[in-house]
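Only heavy atoms go into these numbers, but all of them, side chains included; no hydrogens, no water, no symmetry mates. Remember, it's a predicted structure, so these values are computed and weren't measured experimentally.
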Amino acid sequence: MYKIFLFKILIIFFSYFNLNAYDFSFKNENNLLELDFEENLLKEIKFDFNINGQRNFGIINYHNNEIYILLNTDKISFDNFKKVFPKPQKNKKLSKKINFNWEISELTISDEYSLFSNKLNFIYDQGFESMMFYDSKKEFEFSILPQLDGGKQIYLFSKNAGQFFYAQKISKNMKGGALIGKGTFKKFDDYDINIKVKDFSIDKNSKFYNLLFTSRMLDIFSVLQNSQDEFNYLEVPVQKRGKIFSFDHAIMLGGTVAFSFKGEANPSEKIATVNGTYGPLYLFEKNFKNVPFLSELFGKNVEESLLAADFKVKKNGNKTDFIFNPLSILTPGKTRNFFDIWE
């Protein structure tokens, strides 16, 4: 529907009228279109459309070297927002600079969560230059800005990481959490970003909650507080190349438990593979890292923990399989991978 909205001006223009370089206006119950010309050149377009009961209006100004676009929308879902989200790439045929601004009164993420008074701005000048998006309460911020070295930096912040992952269709099992991400940007299908999340929980109705619950049986404090679903920290270094997201050396911490994992995902194909290790007493073991003999016994990371186990997650379409290797927990950390019978 919103893609139709973006092309509706052209449909009205070419379907109903044969226009010369004269000022023109069209109006009916739900639509308004005004065209202003100056010296036989289009100078300005004003439009106002009602889609699904929501008002969308704006203005396009044409200058000698720049096109200024302002769009206002009352309310739009995040799914529809993504469908029409502008992703400009380098275009040598376009000689004018584009300054695009979109103000959205309410951006609905889910039935329980919305962002209000949102502003999107991007600048295109013979190639993508910069972009900023934020809401009035700074619940969510996203920017891609040029740096002094000629590259571009990505910055991402969300006060509700669970809703961010839900909106991106990454996961609907995380609840709450504060998220921050920084990285480098080349283009929309080629970038690196390191994402960190603090103080979140896992939905107790999720398919893999029983695995998380079981993995924390030795975490006495979380058991006594009935907080096995709560975690302190998540860090995921992400690379995107084309349609593929890959991540390595990701880690998730909660109580004495640590999860380390790597893998890749293709959201467009709904496939993903994750290989990981969890150490139920990893943070307890870290207390002995400076004791010479014990440090060799416990190892330096989750994969080399004295007490740890391997797991795999495979997603194909709507089917998700969780594979747990119970024998790996009996294998010394530094030789655990030699006995991976689940490959």
Revision key, fill the gap. Closest heavy-atom pair, Phe200 versus Gly177, reported as atoms and distance to 0.1 Å, is CB-CA, 3.9 Å

Review point. Which residue pairs pass the salt bridge (Lys or Arg N to Asp or Glu O under 4.0 Å) test when at least one of the two sits in residues 49-65, sequence neighbours left out?
Key: Asp48-Arg55

**Study point:** Non-neighbouring partners of Ser143 that pass side chain to side chain donor-acceptor pair (under 3.5 Å), sequence neighbours left out
**Key:** none

Practice item. Would you indicate whether Lys315, at its atom NZ, is surrounded by more than 12 heavy atoms from other residues, nucleotides or ligands within a distance under 6.0 Å? Key: yes

Review point. Would a 4.5 Å heavy-atom cut-off, applied to side chains only, mark Leu120 and Asn118 as touching?
Key: no

Exercise for review: List for me each residue that meets side chain to side chain contact (heavy atoms under 4.5 Å, CB included) alongside Gln239, sequence neighbours excluded, and say none if there are none.
Suggested key: Asp192, Arg241, Ser246

Exercise for review: Treating Ile, Leu, Val, Met, Phe, Trp and Tyr as nodes and any side-chain heavy-atom pair under 4.5 angstrom as an edge, say whether Ile170 and Val238 lie in one connected cluster.
Suggested key: yes

**Study point:** Pairs meeting criterion salt bridge (Lys or Arg N to Asp or Glu O under 4.0 Å) with involvement of residues 155-173, two or more places apart
**Key:** Asp79-Lys169

Practice item. To the nearest 0.5 angstrom, please state how far the CG atom of Asp74 sits from the CD atom of Glu103. Key: 12.0 Å

Practice item. Would you check if the side chain of Asn101 reaches a backbone N or O of Leu70 as a donor-acceptor pair within less than 3.5 Å? Key: no

Review point. Between Lys96 (side chain) and Ile98 (backbone), is there a donor-acceptor pair under 3.5 Å?
Key: no

Check your understanding: Who are the side chain to side chain donor-acceptor pair (under 3.5 Å) partners of Glu139, not counting sequence neighbours?
Key -> Tyr113

Check your understanding: Which pair of heavy atoms, one from Asn50 and one from Asn31, lies closest together, and at what distance?
Key -> N-OD1, 4.2 Å

Exercise for review: Would you check if the side chain of Ser130 reaches a backbone N or O of Leu145 as a donor-acceptor pair within less than 3.5 Å?
Suggested key: no

Side-chain polar contacts of residues 57-69 - donor-acceptor pairs under 3.5 angstrom, sequence neighbours left out - could you list them?
unit_1	atom_1	unit_2	atom_2	d
Asn61	ND2	Glu44	OE2	2.6

**Study point:** Residues in side chain to side chain contact (heavy atoms under 4.5 Å, CB included) contact with Ala167, at least two apart in sequence or another chain
**Key:** Phe78, Ile109

Exercise for review: Indicate the atoms forming the closest heavy-atom contact of Ser158 with Phe140, along with that distance.
Suggested key: CB-CD1, 3.9 Å

Study note, to complete from the structure: Note: Met174 and Ala161 closest approach over all heavy atoms is SD-CB, 3.9 Å

Exercise for review: For the residue pair Phe100 and Trp102, categorise the inter-ring angle as parallel (less than 30°), tilted (30 to 60°) or perpendicular (more than 60°).
Suggested key: perpendicular

Study note, to complete from the structure: Rounded to the nearest 0.5 Å, the CG atom of Asn72 sits from the CZ atom of Phe47 at a distance of 8.5 Å

Check your understanding: How are the rings of Phe128 and Phe122 set to each other: parallel, tilted or perpendicular (split at 30° and 60°)?
Key -> tilted

**Study point:** From CD (Glu34) to NZ (Lys27), nearest 0.5 Å
**Key:** 8.5 Å

Check your understanding: Which is it for Asn99 and Asn121 under the side-chain contact (heavy atoms from CB on, under 4.5 Å) test, yes or no, and what are the steps along the way?
Key -> CA-CA 7 Å; Asn99 190 332; Asn121 168 262; 3.0 Å; yes

Exercise for review: Please lay out, stage by stage, how Glu106 and Ser114 fare under the test side-chain hydrogen bond (donor to acceptor under 3.5 Å, both in side chains).
Suggested key: CA-CA 7 Å; Glu106 181 179 358; Ser114 293; 3.0 Å; yes

Point to revise | ILVMFWY network linking Phe165 to Ile154, side-chain heavy atoms under 4.5 angstrom | key: yes

Revision key, fill the gap. Residues passing the side chain to side chain donor-acceptor pair (under 3.5 Å) test with Asn160, sequence neighbours excluded, are none

Review point. With Phe157, which residues qualify under ring-ring contact (aromatic ring centres under 6.0 Å, His included), at least two apart?
Key: none

Practice item. Apply side-chain contact (heavy atoms from CB on, under 4.5 Å) to Ile251 and Phe259, showing your working. Key: CA-CA 5 Å; Ile251 189 167; Phe259 290 82; over 6 Å; no

I'd like a table of donor-acceptor pairs (distance under 3.5 Å, sequence neighbours excluded) in which one partner is a side-chain atom from residues 267-274, with atom names and distances.
unit_1	atom_1	unit_2	atom_2	d
Ser268	OG	Asn266	OD1	2.6

**Study point:** Donor-acceptor pair, side chain of Ser171 and main chain of Asn173, under 3.5 angstrom
**Key:** yes

**Study point:** Pair listing, salt bridge (Lys or Arg N to Asp or Glu O under 4.0 Å) test, anchored in residues 118-127, at least two apart
**Key:** none

Practice item. Return the set of residues passing side chain to side chain donor-acceptor pair (under 3.5 Å) with Glu38 (not counting sequence neighbours), or none when no residue passes. Key: none

Review point. Hey, does the Lys NZ or Arg CZ of Lys138 hover above the aromatic six-ring of Tyr134, less than 6.0 Å from the centre and inside 45° of the axis?
Key: yes

Review point. Do Phe185 and Phe188 have ring centroids that are under 6.0 Å from one another?
Key: yes

**Study point:** Enclosure of Tyr166 OH (heavy-atom neighbours >12, cutoff 6.0 Å)
**Key:** no

